[in-house]
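Read through the structure below, which is laid out as C-alpha cells, and then see the notes.
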Amino acid sequence: MDGEGRRDSVNSAVTKEGESRGSSRHRRLFWKLRQRWKLLGLFEIDREHEFYPLTCDLKEGLKDAIQDIICSDATQSALTDDDYSAKLTQGHEGYVMRTYAGPVFSHFRQSLGLSEESYSRSLSACGLFLQFISNSKSKADFFLTNDKRFFLKTQSKREVHFLLQILRKYIQHFQAYPHSLLVKIVGVHSISRAQDKKKYFIIMQSVFFPDERITGRYDIKGCHVSRWTEPEPEGSRVLQVFKDLNFEGNVICLDQQRQWFLRQMELDTRFLQDLNVLDYSLLVGFQLLHPDEKNQNWSLANLIVRTKRSVNGAGSPTTSHSASVPGTVEEENSTDKEDDGTEFSGTPEMTSGGRIPLKKIGPQVSTVSDISNVIAQNRRLLPNYRNPLHVMDGPELRYFIGIIDIFTVYGLRKRLEHLWKSMRYRGQEFSTVSPSQYSRRLCSWAETHTV
C-alpha cells in the first residue's frame with residue numbers, strides 16, 4: 001500500500017473512532033435530556049447510562065471488600081478502637097476502593113440479622129442498579145440495589161468524617177434503644193477512579209422496603225417554607241416523594257402504638273440534638289393492609305412470635321459477634337410472614353434524670369420478666385414482617401417510618417443561613433433552626449399528625 005493509501009486508511013479509522021465517541025456522547029446527552037424531562041423517579045442504570053461504568057466498579061469493589069471481611073473475620077467478642085479507625089484499601093483495574101470501619105459495620109449488620117453473604121448478594125447481583133432522582137436540593141447521587149433493599153448515597157468528605165467521628169455513639173444508641181427509628185447505615189466506602197474525583201458514599205437500608213405496595217411517600221421536616229411538591233398528573237408513573245404541605249389534612253393512625261412512636265421520636269431527636277445535628281427528615285410511607293393481614297396481626301400464634309422477637313435478646317452490636325436484632329432484612333428464601341431474628345439488647349443504667357448514658361451498656365435482656373429493661377429501652381411489639389424496625393401497622397394502613405439525613409451540623413454556615421432566613425421569612429417556619437428547636441418542632445409535628 002502506498003503512502004496515500006495508508007493515510008486514507010488511518011483517516012478512515014480515526015473517523016470511525018471519532019464517530020463512535022461522538023455517538024456515545026450523543027447517547028449520554030440524550031439520556032440526560034430524557035432524565036431532565038422525566039425529572040423524578042427510579043431508572044435502571046443500563047449500558048447507555050452515564051453511571052453504568054461507576055456502578056459496575058462499585059459492584060466488583062464491594063463484593064471484594066465484603067469477601068475480605070468474611071475471610072478475615074475473627075471471633076472477637078468486642079470491638080476495639082482499632083476497629084473504629086480501620087481503613088481497608090483494595091486496588092482494582094482502573095480504580096481503588098476503600099472501606100472505613102469495616103469491622104464495626106460488619107458487627108452492626110450481623111446485629112440486624114443480615115449475613116455478609118446476603119449483603120454481598122444484594123450489592124453485587126447481576127441485576128442493574130437503579131438511580132433514584134428526587135426533588136431534593138441535595139447534590140448527592142442516589143443508587144438503589146436491584147432488589148431495592150439498600151441505598152448507596154454519595155456524601156462529602158466532611159460528612160463521612162463526621163459519621164466516623166460519631167460512629168461509636170451511633171452504635172451505642174442502638175444498644176440503648178434497639179427499636180430506634182434512625183436510618184440503619186451499614187457501610188462507608190470511597191472509590192477513586194482514573195480521571196474522576198474521589199467519591200465517598202454510605203450504604204443504608206431502605207426505609208421503604210419492601211415497596212411493591214406503597215402508595216404514598218412523604219419527607220417531613222416539620223416546617224412550611226419550600227415544603228410543597230407539585231403532584232404529577234393523574235396516571236403518571238413517576239415516583240414522587242411529597243413534603244409537609246402535601247401531607248396537611250392527613251394523619252398517621254397508629255392507635256395503640258402512638259405513645260411508643262412519640263416517645264421514640266423524642267429519644268431519637270434528642271440524640272441528634274446532642275450531636276448538634278439538624279435538617280434531618282422523617283420519612284413516612286404507607287400502604288393498605290389486606291383483610292388477612294389485619295386479622296393475622298392479632299392472632300395468638302402471631303402474637304407469640306412478635307413478642308419473642310420484640311423482647312428476647314441475644315447480644316449487642318459491640319458485645320456479641322453473632323447477635324441478631326429485629327431489624328432483620330430477610331434472606332432471599334424468606335417470606336413476608338416469616339423472618340427469623342432475635343435482637344441485641346444492651347441494658348443501660350438509668351441516670352438520676354431518667355436518661356440512659358450511651359457509654360454504659362449492661363447485661364442483655366433474656367426473659368420477659370425483665371420488663372423494666374424493656375420499658376427503659378422503649379421496645380415495642382414488632383410486626384411479623386420484613387424490615388420490622390421501620391414498619392408499624394395501624395388499623396387500616398401499614399406505615400414505613402424512619403429518620404434519615406443525619407449529617408448536617410449546626411456550624412457557622414448554618415448559623416448564618418438561619419440569620420438570613422429569619423430576615424427573609426419573618427414569621428414563617430423554615431428548616432434551618434437550632435438543633436434544639438428542630439428536635440422540638442419535629443416531635444410537635446409527630447404529635448399533631450398522629451392519632
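Computation of the quantities below employed the complete heavy-atom set of this structure, encompassing side-chain atoms and omitting hydrogens, waters and symmetry-equivalent molecules.
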Hey, is the main chain of F209 close enough, under 3.5 Å, to the side chain of N387 for a donor-acceptor pair?
yes
Counting only heavy atoms from other residues, nucleotides and ligands, does the tally under 6.0 Å from NZ of K59 exceed 12?
yes
Is any side-chain heavy atom of L283 less than 4.5 Å from a side-chain heavy atom of F400?
no
Taking Y52's backbone N and O only, do any of them form a donor-acceptor pair with T55's side chain (distance below 3.5 Å, no angle check)?
yes
Side chains of F174 and F108: does their closest heavy-atom pair fall under 4.5 Å?
yes
Got a donor-acceptor contact below 3.5 angstrom from the H449 side chain to the W445 backbone?
yes
Point-to-point distance, once rounded to the nearest 0.5 Å, from CG of L62 to CD1 of I203:
4.5 Å
Note, V207 side chain near F151 side chain (heavy atom, < 4.5 Å):
no
What residue among K197, M97, K199, R98 forms side-chain contact (heavy atoms from CB on, under 4.5 Å) with S192?
R98
Could you tell me if the ring centre of W228 sits under 6.0 Å from that of F247?
no
Does the cation-pi check pass for R441 over Y438, that is, NZ or CZ under 6.0 Å from the six-membered ring centre and within 45° of its axis?
yes
Do E447 and S444 get their side chains close enough for a donor-acceptor pair, meaning under 3.5 Å?
no
For Y410 and T432: C-alpha separation, side-chain torsions, deciding distance, then whether side-chain hydrogen bond (donor to acceptor under 3.5 Å, both in side chains) applies.
CA-CA 9 Å; Y410 194 54; T432 312; over 6 Å; no
Given 3.5 Å as the limit, does a donor-acceptor pair link the side chain of T269 with the main chain of M265, or not?
yes
Donor-acceptor pair, S439 side chain versus P435 backbone, under 3.5 Å?
no
Regarding D279 and K221, does a basic nitrogen lie under 4.0 Å from an acidic carboxylate oxygen?
yes
Cation-pi between R217 and F242: NZ/CZ under 6.0 Å from ring centre and within 45° of the ring axis?
no
For S156, is there any backbone N or O sitting under 3.5 Å from a side-chain donor or acceptor partner on E159?
yes
Given salt bridge (charged side-chain N to carboxylate O under 4.0 Å, His left out), test R227 with D219 step by step and report yes or no.
CA-CA 9 Å; R227 300 303 296 166; D219 178 303; 2.9 Å; yes
Indicate, with yes or no, if the rings of F129 and F51 have centres closer together than 6.0 Å.
no
Considering all heavy atoms of both residues, which atom of I66 and which atom of S120 are nearest to each other, and what is their separation?
CD1-CA, 3.8 Å
Classify the ring geometry between Y119 and F150 as parallel (under 30°), tilted (30 to 60°) or perpendicular (over 60°).
perpendicular
Donor-acceptor contact below 3.5 Å, side chain Y385 vs main chain R398:
no
Looking just at side-chain N and O atoms, do T99 and H189 make a donor-acceptor pair shorter than 3.5 Å?
yes
Decide if atom NZ of K157 counts as having more than 12 heavy atoms of other residues, nucleotides or ligands within a radius under 6.0 Å.
no
From CG (L181) to CG (L267), nearest 0.5 Å:
9.5 Å
To the nearest 0.5 Å, atom CZ of R158 lies from atom NE2 of H161 at 10.5 Å
If you measure only the distance, is there a donor-acceptor pair under 3.5 Å linking the side chains of T80 and D82?
no
Parallel, tilted or perpendicular: which describes the rings of F430 and Y425, with under 30° parallel and over 60° perpendicular?
tilted
Is a side-chain donor-acceptor pair under 3.5 Å present for S124 with E60?
no
In terms of heavy-atom contacts, L164 and A101 come closest through CD2-CB, 4.2 Å
Heavy-atom closest pair, residues Y280 and I403:
CD1-CG2, 3.9 Å
Looking at D274 and K169, is there a salt bridge between them, counting it only when a charged N and a carboxylate O are closer than 4.0 Å?
no
Where the side chain of R258 meets the backbone of T450, is there a donor-acceptor pair that is under 3.5 Å apart?
yes
Which heavy atom of S118 sits nearest a heavy atom of L114, and at what distance?
OG-CD1, 3.9 Å
What do the steps show when you test R193 against D57 for salt bridge (charged side-chain N to carboxylate O under 4.0 Å, His left out), and what is the final call?
CA-CA 9 Å; R193 305 173 72 236; D57 290 345; 2.9 Å; yes
Are any non-hydrogen side-chain atoms of L278 and V433 less than 4.5 angstrom apart?
no
Of N146, V186, T145, which meets side-chain contact (heavy atoms from CB on, under 4.5 Å) against L123?
T145
Taking atom CZ of R415 as the centre, report whether more than 12 heavy atoms of other residues, nucleotides or ligands fall under 6.0 Å from it.
yes
K294 with E396: basic N within carboxylate O range, under 4.0 Å
yes
Ring-face cation contact, Y84 with R168, 6.0 Å cut, 45° max:
yes
L416 versus W420: any side-chain heavy-atom pair under 4.5 Å?
no
Given side chain to side chain contact (heavy atoms under 4.5 Å, CB included), test L130 with F143 step by step and report yes or no.
CA-CA 6 Å; L130 308 173; F143 306 132; over 6 Å; no
Nearest 0.5 Å please: distance from the CG atom of D141 over to the CG atom of L54.
8.0 Å
To the nearest 0.5 Å, what is the distance between OG1 on T408 and CZ on R413?
8.0 Å
Between K243 and T229: side-chain donor-acceptor atoms closer than 3.5 Å
no
Decide yes or no for I171 and V104: does some side-chain heavy atom of the first lie under 4.5 Å from some side-chain heavy atom of the second?
yes
Hey, are the side chains of D268 and R270 touching, using non-hydrogen atoms and a 4.5 Å cut-off?
no
Strictly distance-based, threshold 3.5 Å: is any side-chain N or O of Q240 a donor or acceptor partner for the main-chain N or O of E232?
yes
To the nearest 0.5 angstrom, please state how far the CZ atom of F43 sits from the CG atom of L239.
9.5 Å
Look at the aromatic rings of Y95 and H92 and report parallel, tilted or perpendicular, splitting at 30° and 60°.
parallel
Can you tell me if S436 and Q273 form a side-chain donor-acceptor pair at under 3.5 Å?
no
Applying the side-chain contact (heavy atoms from CB on, under 4.5 Å) criterion to F407, which one of V160, V277, I202 satisfies it?
I202
Note, F132 side chain near V241 side chain (heavy atom, < 4.5 Å):
yes
For the residue pair R386 and P210, what are the closest heavy atoms and their distance?
NH2-CG, 3.3 Å
Donor-acceptor pair between Q264 and N378 side chains, under 3.5 angstrom:
yes
Nearest heavy-atom approach of P103 to L79 is O-CD2, 3.9 Å
Whether D244 side chain and H224 backbone form a donor-acceptor pair below 3.5 Å
no
Whether E293 and R213 form a salt bridge (side-chain N of Lys/Arg under 4.0 Å from carboxylate O of Asp/Glu) is what I want to check.
yes
